Amino acid sequence: MVTSSICTIGDEILIGQIVDTNSSHFARALNGIGVQVTRMVSFGDDRQVIISSLERELRENSIVIVTGGLGPTKDDITKPALAELSGSTGTRLDREQLEIIHRILSSRGLDILDVNKAQAVVPDTCEVIPNRLGTAPIMVFRFSRERFGHECTLYSLPGVPYEATGAIPDIIKDIKEHYPTDDICHKTIMTYGLAESQLAGKIEAWENGLPDNIRLAYLPNPLTGVRLRLSIYGGARAADDALIETQLEKLRAIIGDYIYAEEDTDLQETIGRMLKKSGRTLSCAESCTGGMISHLITSVPGCSGYYLGSVTSYANSVKENVLGVPSEIIGKFGAVSSECVAKMAEGIKRITGSDYSVATSGIAGPDGGTPEKPVGTVWIGVCAPGRTETFKLVYKNDRKRNIERFAASALDILRKEILKDLSSL
């Protein structure tokens, strides 16, 4: 199987000044054509570190993707390092990239300086894939078997995400022209309601019984739950799909209630599809989640077809005066209570005229807890056609993570309530 390493260059990554997003985009693209990514590494702006690190990656992989450096300033040392690595003895001007530089800068009303023109000058050992989105060309260095023990290729791209990800189709096209690629069969199962350790315990026997050629990965996220990914590398696609489906049938029998999708998606998109399918609408009344549920729902394109609106009723006065929660309920039971979230859900449903509503009230922390209602306590209410249900959950995280858990749990509970109605149709 063809393997690849993805490298990022820049001190700004190592000190946390910027976040590397290029690697994940390239990893998905490479996996899509059957190239296995073995490693993602970052190193700083040091010429010898760059050279020695890339030599190691080239010895161990057929393809090395490098993003970073290549800017117009003198402190960018990536190009000189690549020239030394590839044994370059001279440079050449890539006229196609120079034309692109002229066009881009002219369109911005900028003068073309010598440092800009220098970006089109490349080591004589490289091929160039024109970068149509920026001024630095994509350099391709091909190495023979004699150098690293196998034929390998290094692709050097600018680190600007817009330019790097924009070059992915050209890189993938070049890889497919020079390397045989295998099928990689991935299947994603989205679960919610079980922590990673709980899920692992529940499916341990099933996991132990998986065929040797199937790999299982656990990918937890507080907003989406635990993503399970089944992978088969280098097989025949039709046979692999059938084998994975056989294993999924067994998994559904064990954790069916916790599975909310069998593709790479999230709770809010799943809920959106359910609402579209049933032709029903939704609204939210939030306290402790501070609008996060509404934010998640409205992050889905097309949500205007089913989402009507929300009230962030952080203060008790808003719960009472806007949502219509009786002051007696808050006085007797408190804002963090079954009785309060039930009235919040019913109030927003009445105001908006939605078919479903979800409400939250809790204690995110770090302060405000009591022995009876510790930090991490949340009450979630769902008002569905003909019924209102409430649920109490307690988490033990910091404030940010508690809020994420509250919001995701509310979405999952809402999903299950909608599913009850869809199942009866």
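On a predicted model such as this, the values are computed, not experimentally measured, just so you know.
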- Verdict with reasoning, S304 to Y307, per side chain to side chain contact (heavy atoms under 4.5 Å, CB included): CA-CA 5 Å; S304 58; Y307 185 62; over 6 Å; no
- Got more than 12 heavy atoms from elsewhere within 6.0 Å of NE2, H186? yes
- Answer with yes or no whether the side chains of S357 and S283 bring together a donor and an acceptor at under 3.5 Å. no
- M1 and Q36 have their tightest heavy-atom pair at SD-OE1, 3.3 Å
- Message: Between R401 and E404, does any side-chain N to carboxylate O distance fall below 4.0 Å?
- Response: yes
- Item | Min side-chain heavy-atom separation L251-L230 under 4.5 Å |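 The answer is no; the side chains never approach within 4.5 Å.
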- Atom pair CD1 (I403) and CZ (R405), whose distance is rounded to the nearest 0.5 Å: 13.5 Å
- Message: Quick one: does any side-chain atom of T298 pair with a main-chain N or O of H295 as donor and acceptor, under 3.5 Å?
- Response: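 Looks like yes, one N/O pair under 3.5 Å.
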- Query: Taking atom types as modelled and ignoring hydrogens, do the side chains of E263 and T265 form a donor-acceptor contact shorter than 3.5 angstrom?
  - Reply: no
- What's the spacing between C7 SG and L58 CG if we round to 0.5 Å?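 So the gap between those two atoms works out to 8.0 Å.
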- Query: Of the non-hydrogen atoms in K79 and V121, which two are nearest, and what is the gap between them?
  - Reply: NZ-O, 2.7 Å
- Task: Carefully, step by step, assess V341 and V382 under the rule side chain to side chain contact (heavy atoms under 4.5 Å, CB included).
- Result: CA-CA 8 Å; V341 292; V382 173; over 6 Å; no
- Message: I want to check something: taking the side chain as every heavy atom from C-beta on, are I9 and D45 in contact at a cut-off of under 4.5 Å?
- Response: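 Touching, per the 4.5 Å side-chain cut-off.
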- Nearest heavy-atom neighbours spanning D111 and N116: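 Minimum heavy-atom contact is O-OD1, 3.9 Å.
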- Is there a donor-acceptor pair under 3.5 Å between the side chain of T289 and the backbone N or O of M292?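 Answer holds: no.
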- Item | Main-chain N/O of I13 paired with D20 side-chain donor or acceptor, under 3.5 Å |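 No, because the side chain of D20 does not come within donor-acceptor range (under 3.5 Å) of the backbone of I13.
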- Query: Are R273 and E269 close enough for a salt bridge, meaning some N to O gap below 4.0 Å?
  - Reply: yes
- With side chain to side chain contact (heavy atoms under 4.5 Å, CB included) as the test, would you mind laying out the steps for L411 and I297 before giving the verdict? CA-CA 9 Å; L411 288 175; I297 292 169; 4.1 Å; yes
- Query: Is any side-chain heavy atom of P137 closer than 4.5 Å to a side-chain heavy atom of V122?
  - Reply: yes
- Query: Can a salt bridge be assigned to the pair K173 and D170 using a cut-off of 4.0 Å between side-chain N and carboxylate O?
  - Reply: no
- Query: Are the side chains of I244 and I232 in touch, meaning some heavy atoms are under 4.5 Å apart?
  - Reply: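 Sidechains of I232 and I244: in contact.
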- So, K202 side chain and I255 main chain: donor-acceptor pair closer than 3.5 Å or not? no
- Message: Could you tell me if Y218 and E207 have a donor-acceptor pair between their side chains, going purely by distance under 3.5 Å?
- Response: yes
- Query: Would you find a donor on one side and an acceptor on the other, under 3.5 Å apart, between the side chain of R280 and the backbone of M274?
  - Reply: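 Side chain of R280 to backbone of M274: no pair is present.
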- Taking atom CG of L157 and atom OG1 of T8, what is their separation to the nearest 0.5 Å? 12.5 Å
- Query: From R399 CZ over to C288 SG, what is the distance, rounded to the nearest 0.5 angstrom?
  - Reply: 9.0 Å
- Query: Parallel, tilted or perpendicular: which describes the rings of F143 and F148, with under 30° parallel and over 60° perpendicular?
  - Reply: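 Rings of F143 and F148: perpendicular, as their planes differ by over 60°.
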- Neighbour count above 12 (heavy atom, 6.0 Å) for N208 CG: yes
- Can you check whether S88's main-chain N or O pairs, donor with acceptor, with D124's side chain at less than 3.5 Å? no
- Task: Please lay out, stage by stage, how I101 and K117 fare under the test side chain to side chain contact (heavy atoms under 4.5 Å, CB included).
- Result: CA-CA 7 Å; I101 293 171; K117 295 176 183 178; over 6 Å; no
- Message: Using only atom types and a distance under 3.5 Å, with no angle test, would you say the side chain of W206 pairs donor to acceptor with the backbone of Q247?
- Response: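 Between the backbone of Q247 and the side chain of W206 there is a qualifying donor-acceptor contact (under 3.5 Å).
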- What is the distance from atom CD1 of I129 to atom CG of D94, rounded to the nearest 0.5 Å?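 Answer for the CD1-CG pair, I129 versus D94, is 11.0 Å.
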- Message: To the closest 0.5 Å, what do you measure between CD1 (I138) and SG (C126)?
- Response: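 That separation rounds to 11.5 Å.
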- Item | R147 and R142, any side-chain heavy atoms less than 4.5 Å apart |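 No, every pair of side-chain atoms sits at 4.5 Å or beyond.
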- Message: Quick check: closest heavy atoms across I50 and G44, and the distance to 0.1 Å?
- Response: CG1-O, 3.7 Å
- Message: Atom NZ of residue position K416 - does it have more than 12 heavy atoms of other residues, nucleotides or ligands inside 6.0 Å?
- Response: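 Counting other residues, nucleotides and ligands, NZ of K416 exceeds 12 neighbours.
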- Check for a donor-acceptor pair, side chain of S361 on one end and backbone N or O of A335 on the other, with a separation under 3.5 Å. yes
- Are the side chains of L296 and D266 in touch, meaning some heavy atoms are under 4.5 Å apart?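 Not in contact.
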- Would S294 and E286 count as having a side-chain donor-acceptor pair, cut-off 3.5 Å? yes
- Task: Could you tell me which non-hydrogen atom of Y356 sits nearest to which non-hydrogen atom of A384, and how far apart they are?
- Result: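 So the two residues come closest at CE2-CB, 3.5 Å.
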- Task: Answer with yes or no whether the side chains of Y192 and S409 bring together a donor and an acceptor at under 3.5 Å.
- Result: yes
- Query: Does D412 use its side chain to pair, donor to acceptor, with the backbone of A408 at less than 3.5 Å?
  - Reply: no
- Task: Establish, from distance only, whether the side-chain atoms of S4 and N61 form a donor-acceptor pair under 3.5 Å.
- Result: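 Their side chains do not contain a donor-acceptor pair, so the 3.5 Å distance test is not met.
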- Query: Taking side chain as C-beta onward, heavy atoms only, is R415 less than 4.5 Å from T270?
  - Reply: yes
- Is a side-chain N or O of H178 found less than 3.5 angstrom from the main chain of C152, in a donor-acceptor match? no
- Item | Test item: V66 and F141 side chains (from C-beta on) under 4.5 Å apart, heavy atoms |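 They are not in side-chain contact.
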- Distance-minimising heavy-atom pair for S86 and A83: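 Scanning both residues, the minimum pair turns out to be OG-O, 3.2 Å.
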